[in-house]
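Only one structure is covered here, and it is reproduced in the block below.
Numbers for residues simply follow the sequence, beginning at 1. Just so it is clear, the model here is predicted, and its values are computed rather than measured.
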Amino acid sequence: MFADHTDAMSYTKILRSSIGTFATRIGLSVAIFLGVFYLAAATEPLVLGIYSLFVAVVRVLDLLTNLGIVEAAQKRISEGTERAEFFTAALLVRLGLFAPVGIIVIIFHQQIAAYVGRDLVVPFLLAGAFCYLIRKAIEAGLIGKRTLHRLACSSSYSPLGS
């Protein structure tokens, strides 16, 4: 079945890594589900609603600053040439898109605060969206470099999803 012993060991290593990643993702998904379930049971519906709207707005801001850049960066980084340049370019383009989106959020801060239900939500939205942008950029770089086994735990847990 295998050409030599090296191929069999490589296959076994990949299989073990895949099973470990799958088990980690399943375990963390269950933990996140139970955490949200506990949050819903332990708090008022208003708190869970505000959290849900906060996450939704952060994800919309991510959508407006992504525009397929993360996927393109992953592909280019995976090709193996000029990895650092593609990573930096993707990050700078996303940060460049984040600036006008952030300005628009600041301009419409009253409407956004009314939508989410808290007056001081806009600074936290901007901070959350910025951190999510950085996380997704780093994740794209790691996936592009095919260091997914290092990423298994970090990408599985995110209160904002993947």
Side-chain angles (χ1 to χ4, degrees), residues 1-33 35-36 51-109 111-112 115-116 121-162:
M1 179 175 179
F2 297 107
D4 62 7
H5 184 65
T6 307
D7 288 343
M9 288 182 62
S10 175
Y11 176 77
T12 304
K13 185 177 178 182
I14 291 171
L15 181 63
R16 240 184 293 134
S17 176
S18 298
I19 290 171
T21 300
F22 179 73
T24 300
R25 287 182 180 265
I26 294 295
L28 288 174
S29 294
V30 169
I32 291 168
F33 171 77
V36 171
Y51 171 76
S52 298
L53 290 174
F54 179 88
V55 170
V57 172
V58 168
R59 293 299 299 260
V60 168
L61 295 176
D62 178 63
L63 178 68
L64 295 173
T65 61
N66 185 356
L67 304 175
I69 295 167
V70 169
E71 292 79 11
Q74 285 176 2
K75 176 156 178 26
R76 297 296 177 227
I77 291 169
S78 71
E79 291 174 355
T81 58
E82 302 174 348
R83 288 179 171 171
E85 289 84 355
F86 283 117
F87 174 79
T88 304
L91 182 60
L92 290 176
V93 168
R94 289 204 64 196
L95 289 173
L97 290 171
F98 184 77
V101 168
I103 291 169
I104 291 169
V105 167
I106 291 169
I107 291 170
F108 292 102
H109 72 278
Q111 292 85 351
I112 293 171
Y115 174 70
V116 175
V121 73
V122 171
F124 293 104
L125 282 172
L126 291 174
F130 180 77
C131 291
Y132 194 65
L133 182 149
I134 299 298
R135 174 193 174 259
K136 294 298 281 185
I138 292 170
E139 184 178 293
L142 290 174
I143 290 172
K145 285 180 64 177
R146 291 184 172 89
T147 54
L148 188 60
H149 61 280
R150 294 181 197 163
L151 184 66
C153 291
S154 67
S155 70
S156 294
Y157 172 71
S158 173
L160 301 180
S162 57

query = Which pairs count as salt bridge (charged side-chain N to carboxylate O under 4.0 Å, His left out) when at least one residue sits in residues 121-132, sequence neighbours excluded?
reply = none

query = How far does CZ of Arg76 sit from CD of Glu71, to the nearest 0.5 angstrom?
reply = 13.0 Å

request  = Any chance you could measure Leu133, atom CG, to Leu126, atom CG, to the nearest 0.5 Å?
outcome  = 12.0 Å

Interatomic spacing from CG in Leu125 to NE2 in His109 - rounded to 0.5 Å = 12.5 Å

request  = Check whether any side-chain heavy atom of Leu61 lies under 4.5 Å from a side-chain heavy atom of Tyr132, and answer yes or no.
outcome  = no

Could you list the donor-acceptor pairs under 3.5 angstrom formed between side-chain atoms of residues 85-108 and any protein atom two or more places apart in sequence or on another chain?
from, atom 1, to, atom 2, distance (Å)
Thr88, OG1, Ala84, O, 2.8
Arg94, NE, Thr65, O, 3.0
Arg94, NH2, Asp62, OD1, 2.6
Arg94, NH2, Thr65, OG1, 3.1

message = If I take atom CZ from residue Arg25 and atom CD1 from residue Ile32, how far apart are they, to the nearest 0.5 angstrom?
response = 10.5 Å

